[in-house]
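Take a look at the structure set out below.
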Amino acid sequence: MGETRTCRGNVPAEISSLVGRREELGGIAALVARSPLVTLTGVAGVGKTRLALGAAGVLGGSFPDGAWFAELSAEQNGALVGHRVAAVLGLPEQAAHPQAEVLAGFLADRRLLLVLDTCDHLRGACAELLRPILARAPHVRVIATCRRPLGAPGERVLRVGPLDASGPGSDAVRLLGERARAAVPGLTLDEAEATRICRLLDGVPLAIELAARRLRALSARQVADRLGDRLGLLTGGGPAPFGRHRTLRTAVGWSHELCSPAERLLWARLSVFPGDFDADDARAVCGDEALADPPLARLAEASLLERRGDRYRMLGMTRDYGGEWLRRLGEEDALRRRHRDHYLAAARRAGAEWYGPRQREWAAWTRRELPNLRAALDRDDGPDLPGALWFAWCCLGLADPGRRYLDRSLRRHTRPGPARTLALWARAQAALSAGDAAAARAGAVEAYEAATAGNDPDIAGRALQCAAAATLALGDPGRPGASWSRRSNCSGGPPGTTSASPSPR
């Protein structure tokens, strides 16, 4: 959208264009027409203030007494909120009367739009101030920005989400391009790298604008490659109009300051989830005597979690900040183990029930939880989880990544045991699924030998079946190998007497 002009009142003219947000602007206009108070909520840096200013610029002309903007971030005393609003409106002090009543009387016959920006630390005071105003001034409309709803009567909430970062031409990529060209005139951005930057930043406008500043010294690829340290890389680097948020860390840190101790602890612990999770996952991984009832709903209300149905998600910058606090608390290793153990237990249940009526349900679970499963696999190179996920590697088209995880764990962990034996068979079966019959047959022989040595008839049977299938695929009617001529130590009979069906453990 183009630059907006100042209407009657004190709303500042925008010094840069508002990219995208047409749907949100329409939503605000519709809500303002029906409700005296509209609160814009959303995570730090998502553009609530910019959107409120844009809405005031568009709607201000329809209010005879204009649009007025009160920025509250510097006010720390809730008792003085009314005085700050009165000063913005040019209303003289009247010490003999409560300021809320003075404002309500002044505004009773006015037709104006009032924007209260950054109410986060003054939610209660703002709500109390607005009660008499909204009751006595029927033609006044208020737009507030806050990470949580104010809780005032008649309030409607519009949640402001990140910009679309789906690809070239998306609003996030357009914003990056505009701000980059403003910082470096004539700059041409590689669209693929610009899209990668915006996706890594989850489409958060403040993060994108800060990234555009980095393009003065770095290429788009260099910026994208360094976004593993989002909070360290993205600083203002100059007198740009970012308000108090001159770094991404200060923007997110402001939210952290406003959280209760329980909310801060849960925020830190939830940082071990790289993907979506549900309430049961959160309780299993994060709950303990210090956090008996994890306040998920409060974090979602504070815009620190995105909620979609019964699933929650944390944006990357929020997760990074929580991860820093988790390390400071000394809980990182313990929470990563709990995260791994939670998904290991679920993977074992899935394997046990794979050949049954819940197979489709477990397949959907596996696909949905892949980010969490990959994170657990990357954090722990033991054979337990890659072996337990045999059904993912062998039945869901994930043979190649499965072989890499299995090869790594088997190479690093050579001590015999049930978990390693299962991983040996899973590697052989994954090789067969990938069409590598020779590796599958050799791996099946190794798995069979480990199973017989460990008295594990189940894996011995699975290994026999895998070896037979690999032998057929190779077109070799002979026996899979000399090792099959030995009697099985796990059943007391010949290898063929063990169960050949791949029933899950």
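In this chain, residues are counted from 1 in sequence order.
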For [range], which residue pairs pass the salt bridge (charged side-chain N to carboxylate O under 4.0 Å, His left out) check, not counting sequence neighbours?
| range | value |
| --- | --- |
| residues 408-425 | Asp381-Arg412 |
| residues 252-268 | Arg148-Glu263, Glu263-Arg298 |
| residues 355-367 | Glu353-Arg358, Arg358-Glu361 |

Partners of [X] by salt bridge (Lys or Arg N to Asp or Glu O under 4.0 Å), sequence neighbours excluded?
| X | answer |
| --- | --- |
| Glu332 | Arg327, Arg336 |
| Asp380 | Arg340 |
| Asp280 | Arg283 |

Going by the rule side-chain hydrogen bond (donor to acceptor under 3.5 Å, both in side chains), which residues pair with [X] if we only count those two or more places apart in sequence or in a different chain?
| X | answer |
| --- | --- |
| Arg311 | Glu369 |
| Asp378 | Tyr405 |
| Arg123 | none |

Tell me whether the count of non-hydrogen atoms from other residues, nucleotides or ligands lying under 6.0 Å of CZ in Arg221 goes above 12.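 Not buried by this count: 12 neighbours or fewer within 6.0 Å.
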Got a sec, which pairs hit ring-ring contact (aromatic ring centres under 6.0 Å, His included) with one end in residues 359-384, sequence neighbours left out? Trp362-Trp365
Show me the donor-acceptor pairs within less than 3.5 Å that the side chains of residues 184-192 make with the rest of the protein, sequence neighbours left out.
from, atom 1, to, atom 2, distance (Å)
Asp190, OD1, Ala192, N, 3.1
Asp190, OD1, Glu193, N, 2.8

Kindly compute the distance separating CZ (Arg179) from CG (Leu210), expressed to the nearest 0.5 Å.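 Interatomic distance, Arg179 CZ to Leu210 CG, rounded to 0.5 Å: 11.5 Å.
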To the nearest 0.5 Å, atom CG of Leu270 lies from atom CG of Leu305 at 6.0 Å
Test item: [X] side-chain N/O and [Y] main-chain N/O as donor-acceptor pair under 3.5 Å:
| X | Y | value |
| --- | --- | --- |
| Thr41 | Pro149 | no |
| Lys48 | Val160 | no |
| Glu306 | Arg313 | no |
| Arg338 | Val285 | yes |

Which atoms form the tightest heavy-atom contact between Pro274 and Asn372, and what is the distance? CD-OD1, 3.0 Å
Looking at every heavy atom in both Asp202 and Pro162, which two are closest together, and how far apart are they?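 What the structure gives for the nearest pair is O-CB, 3.0 Å.
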Does the plane of the ring in Tyr343 sit parallel, tilted or perpendicular to the ring in Phe273? Use 30° and 60° as the thresholds. perpendicular
Take Trp425 and Tyr448, measure what ring pair (Phe, Tyr, Trp, His ring centres under 6.0 Å) needs, and give me the verdict at the end. CA-CA 8 Å; Trp425 166 76; Tyr448 177 78; over 10 Å; no
Ion pair check, Asp384 and Arg348, cut-off under 4.0 Å: yes
What residues, two or more places apart in sequence or in another chain, satisfy ring-ring contact (aromatic ring centres under 6.0 Å, His included) together with His342? none
Looking at Trp390, is Arg427 sitting on its ring face, NZ or CZ under 6.0 Å from the six-membered ring centre and within 45 degrees of the normal?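 Checked: cation-pi criterion not met.
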